[in-house]
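Reviewing the structure listed below.
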Amino acid sequence: MTHTSKNKSANAHHGGMRLGLCCMFVREPIRFRTTTASAMLRLGQRERLARLAELCLINADALLSALGYCAANGIGAFRVNSQILPIKTHPAVGYAVEELPGSNAIVARFRECGVFAREHDLRLSFHPDQFVVLNSPNPRTLEHSLAEMEYQTEVAEWIGADTINIHGGGAYGDKASALRVLRTTIANLPDRVRSRLTLENDDKIYTPNDLLPVCADTGVPLVYDAHHHRCCPDGATLEAATEAAHATWGHLEPLFHISSPLEGWDGPKPQRHHDYIDSEDFPKEWLGWPLTVEVEAKAKELAVARLQRDLLSVVGEVRKRG
């Protein structure tokens, strides 16, 4: 399964929109485990692989619990932590899944997560860490970025995740040139990676208008982040950017991001995310059509629950006026 064409929403009462929880929980006792390269280097090879296998299986179980929570609480999407297989691509202690003891059981457990997600119409996604940059002039950075994309694609295939979302990368003093490099790198990606790739406007460098031509040339959809657009504007209105981003998805269900500034829009660093979403920051233009909105807020499942309640009120008001 690649970019999803499902339009049934777990949040049908929000007008066909599903809200997404990102990576972790603050109150629920669901935890994903990781480790460090230095900790693994203190172990012998056999002990190290056994420990990594244990962590991978723990995380597969945690993912199934996370999806169960989402299904039970009307949350229609879940972003999977990039370290779901801990330090998978680390240059010193990285590993192939096949090297792990009990690797078949690990993969089978992740596939169970995919079955559960499909049965409950849960959309799954990845958002690689900031070091994943597809237009870096540094060959080692690019090599590590591509390895990370391959790894997350492997897990995405097990669980049915349909998007692996990245930012445009750096400008390196010449934005036009950097975007040409990005186009070339995307064109050279393996099909299994490129078919899941999405691009997102960021809060400092690349705006929707910067990335939309790349999306048009490559067929890669745009994940529109309304908060980032307010922090890094390009003259386009939110409504225009929403329509343009929506068009990049064709018949597929778009995926967008929402967040609110920690200290308000007039605060010192409006890029920083608040614990919750201010319903005034939620674009009314996003209501009423099939859409996945990942909630980027530090209060995690509590923020999603509050936004669910707030949107019920907003939808009610819109219907009254309509």
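Numbers here simply count residues along the sequence, with the first being 1.
In this structure the side chain of Asn59 never reaches within 4.5 angstrom of the side chain of Thr34, judged on heavy atoms. In this structure, the side chains of Ile84 and Tyr151 come closer than 4.5 Å at one or more pairs of heavy atoms. Counting only heavy atoms from C-beta outward, the side chains of Leu291 and His246 never approach each other to under 4.5 Å. Within the 4.5 Å cutoff, no side-chain heavy atoms of Leu21 are placed close to those of Arg79. Side-chain contact between Leu189 and Leu146 is present, with at least one heavy-atom pair separated by less than 4.5 Å. Side-chain contact between Asn165 and Phe126: absent, with no pair of heavy atoms (C-beta onward) separated by less than 4.5 Å. In this structure, Tyr172 and Val133 have side chains that are in contact, with non-hydrogen atoms separated by less than 4.5 Å. Within the 4.5 Å cutoff, side-chain heavy atoms of His227 are placed close to those of His273.
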- Task: Give the C-alpha distance, both sets of side-chain angles, the deciding distance and a yes or no for side chain to side chain donor-acceptor pair (under 3.5 Å) between Glu294 and His127.
- Result: CA-CA 11 Å; Glu294 291 186 337; His127 193 354; over 6 Å; no

- Test salt bridge (Lys or Arg N to Asp or Glu O under 4.0 Å) applied to Arg18 and Asp121, step by step: CA-CA 10 Å; Arg18 66 175 97 207; Asp121 191 29; 3.7 Å; yes

- Dump the intermediate steps for side-chain contact (heavy atoms from CB on, under 4.5 Å) on Leu124 and Asp162, then the final yes or no. CA-CA 6 Å; Leu124 305 183; Asp162 69 342; over 6 Å; no

- Task: Run the numbers on His228 and His257 for ring pair (Phe, Tyr, Trp, His ring centres under 6.0 Å), then give the verdict.
- Result: CA-CA 9 Å; His228 288 172; His257 290 172; 7.4 Å; no

- Task: Any chance you could lay out the salt bridge (Lys or Arg N to Asp or Glu O under 4.0 Å) test for Arg230 and Asp281, step after step, and finish with the verdict?
- Result: CA-CA 10 Å; Arg230 288 189 71 169; Asp281 293 331; 3.7 Å; yes

- Message: Walk me through whether Leu199 and His167 qualify under side-chain contact (heavy atoms from CB on, under 4.5 Å).
- Response: CA-CA 6 Å; Leu199 292 174; His167 294 161; over 6 Å; no

- Show your working on side chain to side chain donor-acceptor pair (under 3.5 Å) between Glu98 and Ser103 and close with a plain yes or no. CA-CA 6 Å; Glu98 294 75 22; Ser103 61; over 6 Å; no

- Task: Please assess Glu143 against Arg140 for the test salt bridge (Lys or Arg N to Asp or Glu O under 4.0 Å), listing each intermediate value before the final yes or no.
- Result: CA-CA 5 Å; Glu143 182 182 5; Arg140 290 183 65 184; over 6 Å; no

- Message: With side-chain contact (heavy atoms from CB on, under 4.5 Å) as the criterion, how do Thr163 and Arg196 come out once you've worked through the C-alpha distance, each side chain's angles and the decisive distance to 0.1 Å?
- Response: CA-CA 5 Å; Thr163 54; Arg196 289 177 169 81; 5.8 Å; no

- Residue pair Arg183, Asp217: steps toward the salt bridge (Lys or Arg N to Asp or Glu O under 4.0 Å) verdict: CA-CA 8 Å; Arg183 281 181 173 88; Asp217 291 346; 2.7 Å; yes

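Taking CD1 of Ile258 as the reference point, atom CH2 of Trp286 lies at 4.5 Å (rounded to 0.5 Å). Rounding to the nearest 0.5 Å places CZ of Phe282 at 6.0 Å from CG of Leu307. How far CZ of Phe110 is from CD of Glu154: 10.0 Å, rounded to the nearest 0.5 Å. The distance from atom CD of Glu148 to atom NE2 of His90, rounded to the nearest 0.5 Å, is 11.0 Å. Interatomic distance, Leu52 CG to Met40 CE, rounded to the nearest 0.5 Å: 5.5 Å. To the nearest 0.5 Å, atom CZ of residue Arg31 and atom CG of residue Asp61 are 15.5 Å apart.
When all heavy atoms are compared, the tightest approach of Ile159 to Cys113 is CG2-CB, 4.2 Å. Closest of all the heavy-atom pairs between Leu142 and Ser136 is CB-O, 4.4 Å. For the pair Thr89 and Ala147, the tightest heavy-atom approach, listed with the atom from each and the gap, is CG2-O, 3.6 Å. Across every non-hydrogen atom of Pro283 and Ala226, the tightest pair is CG-CB, 4.2 Å. Nearest approach of Ala50 to Pro101, heavy atoms of both residues: CA-CG, 3.8 Å. Of all the heavy atoms in Lys284 and Ser279, the pair that sits closest is NZ-O, 3.7 Å.
Of the possible donor and acceptor atoms, none in the side chain of Asn135 sits under 3.5 Å from a partner among the backbone N and O of Val181. Side-chain atoms of Ser177 do not come within 3.5 Å of backbone N or O of Asp174 as any donor-acceptor pair. Using a distance-only test at 3.5 Å, with no hydrogens or angles considered, a donor-acceptor pair links the side chain of Asp234 to the main chain of Asn209. Side-chain N or O atoms of Ser145 include none that pairs as donor or acceptor with a backbone N or O of Leu134 at under 3.5 Å. Checked by atom type and distance alone, the side chain of Tyr206 pairs as donor or acceptor with a backbone atom of Gly170 at under 3.5 Å.
Hydrophobic clustering (ILVMFWY, side-chain heavy atoms < 4.5 Å, transitive): Val193 and Val132 are in one cluster. At a threshold of 4.5 Å between side-chain heavy atoms, the hydrophobic network of Ile, Leu, Val, Met, Phe, Trp and Tyr places Ile277 and Leu262 in two separate groups. Leu287 and Trp249 fall within a single hydrophobic cluster, where Ile, Leu, Val, Met, Phe, Trp and Tyr are joined by side-chain heavy atoms under 4.5 Å apart, directly or via other members. A chain of hydrophobic side-chain contacts below 4.5 Å, direct or via other Ile, Leu, Val, Met, Phe, Trp or Tyr residues, connects Val214 to Leu197. Linking Ile, Leu, Val, Met, Phe, Trp and Tyr residues whenever their side-chain heavy atoms come within less than 4.5 Å places Leu57 and Phe32 in a single cluster.
The environment of CD in Glu99 is crowded: more than 12 heavy-atom neighbours from other residues, nucleotides or ligands sit within 6.0 Å. Counting heavy-atom neighbours within 6.0 Å of Lys175 NZ, excluding the residue itself, gives a total above 12. Under a cut-off of 6.0 angstrom, the local environment of CZ in Arg33 is sparse, with at most 12 non-hydrogen atoms contributed by other residues, nucleotides or ligands.
Using modelled atom types, one finds a donor on one side chain and an acceptor on the other under 3.5 Å when comparing Glu253 with Thr292. Side-chain N/O atoms of Asp203 and His229 include no donor and acceptor closer than 3.5 Å. In this structure, a donor-acceptor pair under 3.5 Å is absent between the side chains of Ser260 and Asp278. Side-chain N/O atoms of Asp310 and Ser313 include no donor and acceptor closer than 3.5 Å. Between the side chains of Arg192 and Thr153, no donor-acceptor pair of N or O atoms lies under 3.5 Å.
Comment: Glu150 does not engage Lys88 in a salt bridge, judged by the lack of any side-chain N to carboxylate O separation of less than 4.0 angstrom. Using a cutoff of 4.0 Å between basic side-chain nitrogens and carboxylate oxygens, Arg27 and Glu301 are not scored as salt-bridged.
For Asp129, the side chain to side chain contact (heavy atoms under 4.5 Å, CB included) partners are Ser82, Gln83, Phe131, not counting sequence neighbours.
Using cut-offs of 30° and 60° for the angle between ring planes, the Tyr276 and His274 rings count as tilted. Below 30°, between 30° and 60°, or above 60°: for Phe25 and Phe78 the angle between ring planes is below 30°, a parallel geometry.
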